[in-house]
2 protein chains.
Amino acid sequence: MIGDRLKKLRDKHTQEDIAQYLGISRSRYSHYENERSEPDNKTLNKLADFFDVSTDYLLGREGECDTKKNKTKHQTELIPPLLDSFFQELKEAPKEQQELLIKFWDIIKSEYSIKNN
Amino acid sequence: MIGDRLKKLRDKHTQEDIAQYLGISRSRYSHYENERSEPDNKTLNKLADFFDVSTDYLLGREGECDTKKNKTKHQTELIPPLLDSFFQELKEAPKEQQELLIKFWDIIKSEYSIKNN
DNA sequence: TAACTAAGAAATTCTTAGCCC
DNA sequence: GGGCTAAGAATTTCTTAGTTA
């Protein structure tokens, strides 16, 4: 049940994408889709956030009708979900961590501009 | 979170009552209320059925005062200019660079969570 | 009686490594 | 690359027995 719904929701994303977002290994996420193990409550919450559905839907308590809404929403989104959830996370992170990351960003930028000159 | 909600919902019932309905031991249900362990998905479903609430409610995704939504909105309004321009830049950057940065982000997160555990 | 907890047993999950397509 | 799985390590849960109020 939950496996089918995850598969459907994931759509064009790779399992790797979702796993990275969740901060778990690829195979762990694979287990969820194949129902070899089930996500704990925290992971369940994250999955619902990422796919923008209810946990009731993920757990099979709600029918299909809500799915279409979500699909439409995803398809019309301009920011890729992975980047979007990354932004959400970063916004809520401690300032110290934000600043550190922006420093890394500056390094990445300058490295790439050197390569291309 | 889930513990508080279970306690509230149980109301006049004893833990024994609920445990019997779920077909589990008394102390196991007690652990759920005290958040020493968390119900698996099947038990979560049964609990939602018994109390006639959504799993989203049990997991704290819906609430009395809908704190999550308010919080998100508030924080969205308060994106510091530095972070905002960083987002703009990142959105338009090559995927390769985006992915590299997100990897750095994962490292930062895990470093900080180690410190705080 | 009702609820909570310690501690170890029991069960599940998670990761790595390797496999297939 | 993308997804799946075996197997053991790691973690969590679950039960019993005992404690508290």
Side-chain angles (χ1 to χ4, degrees), chain A residues 1-51 55 58-60 71 74-75 80-83 85-86, chain B residues 1-51 55 58-60 94-103 105-107 109-111 113-117:
Chain A
M1 184 80 261
I2 187 177
D4 299 325
R5 303 219 153 166
L6 288 176
K7 280 178 189 169
K8 219 178 251 179
L9 287 166
R10 180 162 58 86
D11 201 37
K12 297 279 158 54
H13 297 289
T14 66
Q15 293 185 338
E16 173 73 38
D17 285 341
I18 316 296
Q20 221 161 54
Y21 166 75
L22 297 170
I24 65 178
S25 68
R26 200 177 353 155
S27 74
R28 179 170 160 190
Y29 176 78
S30 173
H31 286 332
Y32 296 157
E33 285 197 359
N34 295 290
E35 291 180 35
R36 284 165 159 267
S37 66
E38 55 183 35
D40 57 24
N41 294 350
K42 192 179 127 214
T43 308
L44 204 56
N45 267 321
K46 280 194 187 173
L47 283 166
D49 283 340
F50 183 80
F51 291 126
T55 55
L58 289 179
L59 293 171
K71 263 208 176 141
H74 262 271
Q75 281 162 359
L82 185 64
L83 208 57
S85 56
F86 163 67
Chain B
M1 185 80 262
I2 188 176
D4 300 325
R5 303 218 154 168
L6 287 176
K7 280 178 188 167
K8 214 177 254 180
L9 287 165
R10 181 161 59 85
D11 200 37
K12 298 278 157 53
H13 295 98
T14 66
Q15 293 185 338
E16 173 73 37
D17 287 340
I18 316 295
Q20 222 157 50
Y21 166 77
L22 297 170
I24 65 177
S25 69
R26 206 180 343 163
S27 74
R28 180 171 158 189
Y29 176 77
S30 173
H31 285 333
Y32 296 157
E33 284 196 358
N34 295 291
E35 292 179 36
R36 285 163 159 267
S37 66
E38 56 183 35
D40 56 24
N41 294 351
K42 193 179 125 212
T43 309
L44 203 57
N45 268 321
K46 279 193 186 173
L47 283 165
D49 284 340
F50 184 82
F51 292 126
T55 56
L58 289 179
L59 294 171
K95 194 156 192 286
E96 192 185 355
Q97 293 181 33
Q98 295 176 343
E99 282 169 354
L100 183 55
L101 191 74
I102 291 177
K103 278 181 194 158
W105 179 237
D106 288 334
I107 294 167
K109 274 192 298 183
S110 63
E111 279 300 311
S113 70
I114 288 165
K115 271 190 193 169
N116 301 327
N117 281 347

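What you see is a predicted model, and the numbers here were worked out from it, not measured in a lab. Proteins come first, then strands; the chains are lettered A, B, ... in the order of their sequence lines, and each starts at number 1.
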Can you list, by residue number, the residues of residues 34-47 of chain B that have a non-hydrogen atom closer than 4.0 angstrom to DNA chain C? B:N34, B:R36
Sugar-phosphate only, base, or nothing, as touched by A:T14 at under 4.0 Å among non-hydrogen atoms: sugar-phosphate
Base, sugar-phosphate, or nothing: which does B:Y32 touch, judged by heavy atoms less than 4.0 Å apart? sugar-phosphate
Taking 4.0 Å as the cut-off, does a side-chain nitrogen or oxygen of A:R26 come that near to OP1 or OP2 on D:dC4? no
Output field: ring centroids A:F50/A:H13 closer than 6.0 Å: yes
Closest contact, heavy atoms only, B:Y29 versus B:A19: CB-CB, 4.3 Å
Along DNA chain C, first and last positions that approach a heavy atom of chain A under 4.0 Å: C:dT13 to C:dT16
Salt-bridge criterion met for A:E33 and A:K7 (N-O under 4.0 Å): no
Per the atom types in the model, does the base of D:dT5 pair as donor or acceptor with the side chain of A:S30 at under 3.5 Å? no
Whole angstrom value for the distance that separates P of D:dA10 from CZ of A:R28: 16 Å
A:Q20 CD to D:dG3 P: how many Å, rounded? 13 Å
Check the pair A:D49, A:Y21 against side chain to side chain contact (heavy atoms under 4.5 Å, CB included), reporting the backbone distance first and the verdict last. CA-CA 11 Å; A:D49 283 340; A:Y21 166 75; 4.1 Å; yes
When you compare the side chain of A:T43 with that of A:R28, does any pair of heavy atoms fall below 4.5 Å? yes
Flag the pair B:P39 / B:N45 as yes when at least one side-chain heavy-atom distance between them is below 4.5 Å, and no otherwise. no
Sidechain-backbone polar pair: A:E38 side chain, B:D40 backbone, donor-acceptor under 3.5 Å: no
When you measure from the side chain of A:N34 to the backbone N and O of A:H31, does any donor-acceptor pair fall under 3.5 Å? no
